[in-house]
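One structure is given below, encoded as structure tokens.
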Amino acid sequence: MGGWSQEAGLTHGGFYNHFASQDDLAAEVCNASFAASLDVLAQAVEDGDAPAGSPQRRVVDDYLSAEHCDAADGGCPSASLVIDAGRHDETIQRSYAAGVEGCLAGFASELAREHDGELAPREARDQAVLLLSQLVGAMVLARAVRDVEPGLSDEILRACRAHALDGRAPGGEVEVNSWHPECRCPGHSARTAPP
């Protein structure tokens, strides 16, 4: 907070006086952080398909990068604030929930576009929930082990980068794991089975 106070030209106390409570300040930080993350997705969509892949592919690759994992500022709040949001009052939880909803809406919209409208809105939403959950879970795990097992951290990021956009095909089919047939984990084989 000291750095922000200085940037704003305020004392530490003067900075806090601009907010009703520390939770209000935290909610504003959460809002601003999610807005910055959503701007990244919006820019990728605006840039369209590129040699590095679709907008969604580029966002996934960037999110699950070693650079994002090691980001001193914590990077996207979806992973950096996930634990703290649940431990604070409703002000912060509402702010975090609004950010999650923004991510889900952005992902669902882009998934629908990338599937040329073949995904029903519910399917696109379900895939967006799955994608965001995979991204956040992978980042939380990778960060939890990066200092003591950097190879494991890299493995988590690599595997999830490779398979984060696998999953359900239009029509509700789910790809089935060929080496463990009873597993319904997405992306392990080209075979399909009903959900």
Side-chain angles (χ1 to χ4, degrees), residues 1-8 10 12-45 55-56 58-111 121-122 124-149 152-154 156-157 159-161 163-165 167 186:
M1 294 297 160
W4 290 347
S5 300
Q6 280 183 329
E7 286 179 31
L10 300 169
H12 199 68
F15 183 77
Y16 275 111
N17 286 338
H18 283 45
F19 300 93
S21 68
Q22 284 187 350
D23 285 339
D24 285 344
L25 169 60
E28 285 302 316
V29 169
C30 185
N31 290 336
S33 297
F34 268 110
S37 292
L38 292 172
D39 285 347
V40 170
L41 178 59
Q43 185 62 53
V45 169
Q56 201 97 309
R58 294 190 318 271
V59 167
V60 165
D61 288 348
D62 185 55
Y63 189 98
L64 294 176
S65 68
E67 293 79 18
H68 183 224
C69 186
D70 296 340
D73 66 356
C76 180
S78 59
S80 62
L81 300 178
V82 67
I83 303 300
D84 291 335
R87 293 180 180 162
H88 287 278
D89 75 0
E90 290 181 10
T91 303
I92 295 170
Q93 290 182 25
R94 278 193 188 92
S95 191
Y96 188 85
V100 168
E101 282 293 343
C103 290
L104 294 176
F107 285 162
S109 174
E110 183 55 18
L111 284 162
R122 181 77 252 163
R125 171 76 178 198
D126 286 350
Q127 285 193 31
V129 168
L130 178 63
L131 177 59
L132 183 60
S133 298
Q134 289 172 327
L135 295 177
V136 171
M139 187 55 62
V140 169
L141 288 172
R143 286 178 173 165
V145 301
R146 74 175 170 216
D147 292 337
V148 295
E149 291 287 342
L152 177 58
S153 180
D154 291 343
I156 291 166
L157 296 174
C160 291
R161 251 191 332 271
H163 297 289
L165 294 178

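Residue numbers count from 1 along this sequence. Being a predicted model, the structure only gives us computed values, none of them experimental.
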For [X] against [Y], the heavy-atom pair lying closest together:
| X | Y | result |
| --- | --- | --- |
| L132 | C103 | CD2-CB, 4.0 Å |
| M139 | C69 | SD-CA, 3.5 Å |
| V140 | A79 | CG2-O, 4.0 Å |
| A164 | L135 | CB-CD2, 4.4 Å |
| A138 | I156 | O-CG2, 3.5 Å |
| H68 | R143 | O-NH2, 2.8 Å |

Can you tell me how far the [atom1] atom of [X] sits from the [atom2] atom of [Y], to the nearest 0.5 Å?
| X | Y | atom1 | atom2 | answer |
| --- | --- | --- | --- | --- |
| L165 | Q127 | CG | CD | 9.0 Å |
| D126 | L131 | CG | CG | 12.5 Å |
| E101 | R94 | CD | CZ | 14.0 Å |
| L111 | R125 | CG | CZ | 12.0 Å |
| L38 | S78 | CG | OG | 9.5 Å |

- Query: Among all residues two or more places apart in sequence or in another chain, which pass the salt bridge (Lys or Arg N to Asp or Glu O under 4.0 Å) test with D61?
  - Reply: R57

- S95 and its side chain to side chain contact (heavy atoms under 4.5 Å, CB included) partner, picked from L81, N31, V100: N31

So, [X] side chain and [Y] main chain: donor-acceptor pair closer than 3.5 Å or not?
| X | Y | value |
| --- | --- | --- |
| R146 | S153 | no |
| S109 | A105 | no |
| Q93 | H88 | yes |

- Report yes if the side chains of V40 and Y63 come closer than 4.5 Å at any heavy-atom pair, otherwise no. no

- Query: Salt bridge or not for D62 and R58, using N-O below 4.0 Å?
  - Reply: no

